[in-house]
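Take a look at the structure below.
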Protein chains: 2
Amino acid sequence: MLTIGALAKKTGTKVQTVRYYEQIGLMPEPGRTEGGQRRYHTAELDRLSFIRHSRQLGFTLDAIRELLKLSDQPDKSCHEADEIAQRQLNQVEQRISRLEALRKELKRMVKECSGGHTGDCRVLEVLRDHSECLTDHNEIGA
Amino acid sequence: MLTIGALAKKTGTKVQTVRYYEQIGLMPEPGRTEGGQRRYHTAELDRLSFIRHSRQLGFTLDAIRELLKLSDQPDKSCHEADEIAQRQLNQVEQRISRLEALRKELKRMVKECSGGHTGDCRVLEVLRDHSECLTDHNEIGA
DNA sequence: TCTTGAACCTCTAGCTGCTAGAGCATGTAT
DNA sequence: ATACATGCTCTAGCAGCTAGAGGTTCAAGA
């Protein structure tokens, strides 16, 4: 029987976050003591570990909800889980290439800066005029 | 004299976003018609372009605030602007390496999945047990 | 058994950076 | 004069938490 604090600690989660997961239905409502405090079993620890690990891998809470559901039906085809992971992989790859374009642009900006006055700072100049950019970077909406 | 709609269009911004920037003090309060509609000059167009371009490069609104301030003082040393850009570059690089660790892990997960039932799906298995991971990925807080 | 104090409880509000919608006013073209 | 696209303000919502106020419970030590 774990308190919420112990559960949080074991999974590297904040106590508030655990309650938040319960609130949005990602974690089940646990049993309570007579005084009204939450007490957790190992099953809930496993579930939270799953959630946290999935978050670390960048899955959204909605995706995690799906994955948890699938995980509870061991006889179902693995196809859906696979697809969710594949989708996540694609997104990660997209974000990487966007960030790489950014990196390139930022590197160039910083490198070209002469270290003089802001009046002729390359950094500010580039920001002022997109046409000076080489790549089609776009982090907004990434 | 541009309407807010024209300004938004020219900079690839949504009208609401322009008003939002004004609200948080990133854009100045523009002149108004007798009826109370905003009208913009070229200076404001330039400023919004600067903001948008900086956003595309991933700068936070706070960083942009700084950059704009510096940009208004052409005699000041370029050092600070440089530093902000360098910081942004570092962040981008950190994010890239985190995402690359993720990609690796996700790729492995997807590849190892046999396509059978969820009961022995590698994807779900890996999510259940972090110790199966090779890398120290962590997207949370990235 | 009593007392302390850390950990728990609920509830509300805030973070970033927008975005959407309701309900109404303005501006411009015909 | 009229239509209607665009403008206005205000409020609320998105993800995924996080922090704080103000109060209660639990477990360990005296």
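So that the names make sense, note that chain A is the first sequence line, chain B the second, and so on, each numbered from 1.
Within residues 41-61 of chain B, no residue has any heavy atom closer than 4.0 Å to DNA chain D.
One can place CE of B/Met27 at 16 Å from C1' of C/dC18, the figure rounded to the nearest angstrom. Look at NZ on A/Lys9: it is 15 Å from C1' on C/dC8, rounded to the nearest Å. Distance A/Lys14 NZ to C/dC15 P: 17 Å, rounded to the nearest Å. Between the CG atom of A/Leu2 and the P atom of C/dA7 there is a distance of 15 Å, given to the nearest Å. Spacing between atom CD of B/Glu22 and atom P of C/dC18 amounts to 15 Å, rounded to whole angstrom units.
Contacts classified as ring-ring contact (aromatic ring centres under 6.0 Å, His included) and involving residues 5-25 of chain A (residues at least two apart or in different chains) are not found.
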N/O donor to acceptor pairs below 3.5 angstrom from side-chain atoms of residues 53-60 of chain A, sequence neighbours left out:
residue: A/His53; atom: ND1; partner: B/Val126; partner atom: O; Å: 3.1
residue: A/His53; atom: ND1; partner: B/Leu127; partner atom: O; Å: 3.1
residue: A/His53; atom: NE2; partner: B/His137; partner atom: NE2; Å: 3.3
residue: A/Ser54; atom: OG; partner: A/Phe50; partner atom: O; Å: 2.7
residue: A/Arg55; atom: NH1; partner: A/Phe59; partner atom: O; Å: 2.8
residue: A/Gln56; atom: OE1; partner: B/His130; partner atom: ND1; Å: 3.4
residue: A/Thr60; atom: OG1; partner: A/Ala63; partner atom: N; Å: 3.1

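Between A/Gln88 and A/Val92, some side-chain heavy-atom pair lies under the 4.5 Å cut-off.
With sequence neighbours left out, A/His79 forms a ring-ring contact (aromatic ring centres under 6.0 Å, His included) with no residue at all. When the salt bridge (charged side-chain N to carboxylate O under 4.0 Å, His left out) test is applied to B/Lys14, no partner is found at least two apart in sequence or on another chain. Listed by chain and residue number, A/Arg47 satisfy the salt bridge (charged side-chain N to carboxylate O under 4.0 Å, His left out) test with A/Asp72 (two or more places apart in sequence, or in another chain). For A/Lys76, the salt bridge (charged side-chain N to carboxylate O under 4.0 Å, His left out) criterion is met by A/Glu80, not counting sequence neighbours. Contacts of A/Glu44 classified as side chain to side chain donor-acceptor pair (under 3.5 Å), with partners at least two apart in sequence or in another chain: none. Scored by the salt bridge (charged side-chain N to carboxylate O under 4.0 Å, His left out) test, A/Asp136 finds no partners at all (sequence neighbours excluded).
Within 4.0 Å (heavy atoms only), B/Ile24 reaches no atom of the nucleic acid at all. Among the protein residues, B/Arg38 comes within range of the sugar-phosphate backbone only, with heavy atoms under 4.0 Å from sugar or phosphate atoms but none that close to a base.
Ion pairing between a basic and an acidic side chain is recognised when a charged N comes within 4.0 Å of a carboxylate O; B/Glu100 and B/Arg103 show such pairing.
Residue B/Tyr20 has no polar side-chain atom (N or O) positioned under 4.0 Å from OP1 or OP2 of C/dT16.
Shortest non-hydrogen contact noted between A/Thr11 and A/Ser49 is CG2-OG, 3.8 Å. In terms of heavy atoms, B/Ile51 sits closest to B/Ile64 at O-CD1, 3.8 Å.
On the nucleic acid side, DNA chain D has its first and last nucleotide under 4.0 Å of a heavy atom of chain B at D/dG7 to D/dT9, going 5' to 3'.
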Below 3.5 Å between N/O atoms, which protein atoms pair up with nucleotides 25-28 of chain C? Just atom names and distances, please.
residue: C/dG27; atom: OP1; partner: B/Thr33; partner atom: OG1; Å: 2.6
residue: C/dG27; atom: OP1; partner: B/Gly35; partner atom: N; Å: 3.2

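Rounded to the nearest 0.5 Å, atoms CE (A/Met1) and OG1 (A/Thr42) are 10.0 Å apart.
For the helix from C/dT1-D/dA30 to C/dT30-D/dA1, the end axes, each set by the C1' atoms of five terminal pairs, are bent relative to each other by 10° (nearest 10°).
Counting only N and O atoms by type, the side chains of A/Gln86 and A/Asn90 include a donor and acceptor under 3.5 Å apart.
Residue-to-nucleotide contacts include a donor-acceptor pair under 3.5 Å from the side chain of B/Gln16 to the base of C/dG21.
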